[in-house]
Amino acid sequence: MKKHLFKLIDFVSILLKPILNIRTMNLFRHIKNRLIWNSYKSNLKKICKSSNCGNNLKIHGHEYIEIGDNFSGGNNLTLECWDSYRNSGKIYKPELIIGNNVTFTSDTQISCLDKVVIGDNCLFGRYVYVSDNTHGKGDYSDLDIPPIERELSSKGPVIIGKNVWIGRCSTILSGVTIGDNAIIGANSLVNKDVPANAVVAGVPARVIKIVESDYLG
């Protein structure tokens with residue numbers, strides 16, 4: 001049965017080849033993405049002009065998200081704001097604020113329970129994860145509770161300054177402030193504050209050098 005179905009699909013594809021070529025399919029995909037993005041962004045707390053997003057967008061907690069001008073989100077973008085979790089009964093007040101001219105490449109995920117602020121002109125490489133929360137408090141009281149059932153907790157906001165470049169596969173944890181113009185090397189785990197103009201890398205991330213202001217133009 002499947003074999004005949006595949007032959008039929010192949011036959012139809014040949015007939016429609018002049019119409020359903022790669023260029024046309026990409027156009028359909030772009031239109032679909034645009035319709036989905038427009039539907040999502042109409043429910044955000046704030047969205048400014050000239051924004052776009054790729055395939056497989058996922059947003060939870062639209063009403064707590066603010067996005068500035070000229071936002072670009074890549075494929076598989078996930079933005080999560082949690083005002084409650086499971087049946088704990090605890091209410092949170094998340095704030096996710098994204099500045100102007102921010103670019104997320106593919107597979108960025110942001111999870112917000114308290115506050116996450118991303119400054120203007122930031123660039124995120126692929127597979128970057130930013131979270132101001134975790135499952136449980138990391139102490140003895142958590143041991144008898146499955147991780148998925150543990151109450152969410154936060155060590156404080158994540159504040160990312162202006163002109164920050166975060167390299168591929170990096171993770172930014174709660175309670176961290178990253179200064180303006182910082183560069184986070186690929187595969188880094190940032191669990192402490194990063195000074196302005198610093199280049200950091202590693203697990204956990206450490207300062208490699210401070211770029212002197214004379215070189216910042």
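Positions are given from 1 along the sequence. Everything numeric in this text was worked out from a predicted model, so none of it was measured.
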> Closest approach of G125 and T108, non-hydrogen atoms and distance?
Replying inline: O-OG1, 4.1 Å

> Can you list the steps and then say if Q109 with E80 is a side chain to side chain contact (heavy atoms under 4.5 Å, CB included)?
Replying inline: CA-CA 8 Å; Q109 181 178 358; E80 301 169 320; 3.2 Å; yes

> How many angstroms lie between CZ in F71 and CG in N100, if you round to the nearest 0.5 Å?
Replying inline: 12.0 Å

> Taking the side chain from S174 and the backbone from S131, do they hold a donor-acceptor pair closer than 3.5 Å?
Replying inline: no

> So, are K45 and E63 salt-bridged, with charged N and O less than 4.0 Å apart?
Replying inline: no

>> So, taking the atom named SG in C53 and the one named NZ in K58, what distance separates them when rounded to the nearest 0.5 Å?
In response: 12.5 Å

>> Any heavy-atom pair between the side chains of Y85 and K90 that's under 4.5 Å?
In response: no

> Closest heavy-atom contact between N187 and V203?
Replying inline: O-CG2, 3.5 Å

> Under a 4.5 Å side-chain heavy-atom rule over Ile, Leu, Val, Met, Phe, Trp and Tyr, are I183 and L173 clustered together?
Replying inline: no

> Rounded to the nearest 0.5 Å, what separation is found between the NE2 atom of H135 and the CD atom of E151?
Replying inline: 12.0 Å

>> Minimum heavy-atom separation for S188 and I184, please, with both atom names.
In response: CB-CG2, 3.7 Å

> Taking atom types as modelled and ignoring hydrogens, do the side chains of N133 and S111 form a donor-acceptor contact shorter than 3.5 angstrom?
Replying inline: yes

> Is R86 atom CZ crowded by more than 12 heavy atoms from other residues, nucleotides or ligands, each under 6.0 Å away?
Replying inline: yes

> Will you find, in the side chains of N101 and N121, an N or O donor that is under 3.5 Å from an N or O acceptor?
Replying inline: yes

>> W82 vs L152, test: side chain to side chain contact (heavy atoms under 4.5 Å, CB included). Steps then yes/no.
In response: CA-CA 9 Å; W82 303 100; L152 295 180; 4.2 Å; yes

> Looking only at heavy atoms, which two atoms of N163 and C122 are closest? And how far apart?
Replying inline: N-SG, 4.2 Å

>> Quick check against the 3.5 Å criterion: does S154 have a side-chain atom that pairs as donor or acceptor with the backbone of L113?
In response: no

> For the hydrophobic clusters of this structure (ILVMFWY residues joined by side-chain heavy atoms under 4.5 Å, transitively), does one cluster hold both I59 and I47?
Replying inline: yes

> Between Y64 and D83, do the side chains contain an N or O donor and an N or O acceptor separated by less than 3.5 Å?
Replying inline: yes

>> If I compare all heavy atoms of V200 with all of A205, which pair ends up nearest, and what's the gap?
In response: CG2-CB, 4.1 Å

>> Among residues at least two apart in sequence or on other chains, which ones pass ring-ring contact (aromatic ring centres under 6.0 Å, His included) with Y129?
In response: none

> Is there a donor-acceptor contact under 3.5 Å from the side chain of D193 to the main chain of T177?
Replying inline: yes

> What do the steps show when you test N55 against L57 for side chain to side chain contact (heavy atoms under 4.5 Å, CB included), and what is the final call?
Replying inline: CA-CA 6 Å; N55 298 319; L57 171 67; over 6 Å; no

>> Checking the side chain of T105 only, and the main-chain atoms of F124 only, is there a donor and an acceptor separated by less than 3.5 Å?
In response: yes

> side chain to side chain contact (heavy atoms under 4.5 Å, CB included) between I110 and L96: does it pass, once the steps are laid out?
Replying inline: CA-CA 9 Å; I110 299 176; L96 173 53; 3.9 Å; yes

> If you round to the nearest 0.5 Å, how far is OG of S72 from CG of N70?
Replying inline: 9.5 Å

>> Let me confirm one number: the CD1-CG distance from I172 to L189, rounded to the nearest 0.5 Å.
In response: 8.0 Å

> Charged N to carboxylate O under 4.0 angstrom, D180 versus K162?
Replying inline: no

>> Main chain of D114, side chain of D132: is a donor-acceptor contact present, judged purely on distance under 3.5 Å?
In response: yes

> Is V130 linked to Y92 within one hydrophobic cluster, defined over Ile, Leu, Val, Met, Phe, Trp and Tyr using a side-chain heavy-atom separation of less than 4.5 Å?
Replying inline: no

> With distance as the sole test, does D107 use its side chain to make a donor-acceptor pair with the main-chain N or O of N76 at under 3.5 Å?
Replying inline: no

> Is V199 linked to W165 within one hydrophobic cluster, defined over Ile, Leu, Val, Met, Phe, Trp and Tyr using a side-chain heavy-atom separation of less than 4.5 Å?
Replying inline: yes

> Quick one: CD1 on I160 to CD1 on I97, what's the gap to the nearest 0.5 Å?
Replying inline: 12.5 Å

>> On a heavy-atom basis, which atom in A182 and which in P195 lie closest, and how many Å separate them?
In response: CB-O, 4.1 Å

>> Tell me whether V207 shares a hydrophobic cluster with I159, the cluster being built from Ile, Leu, Val, Met, Phe, Trp, Tyr side chains joined at under 4.5 Å.
In response: no

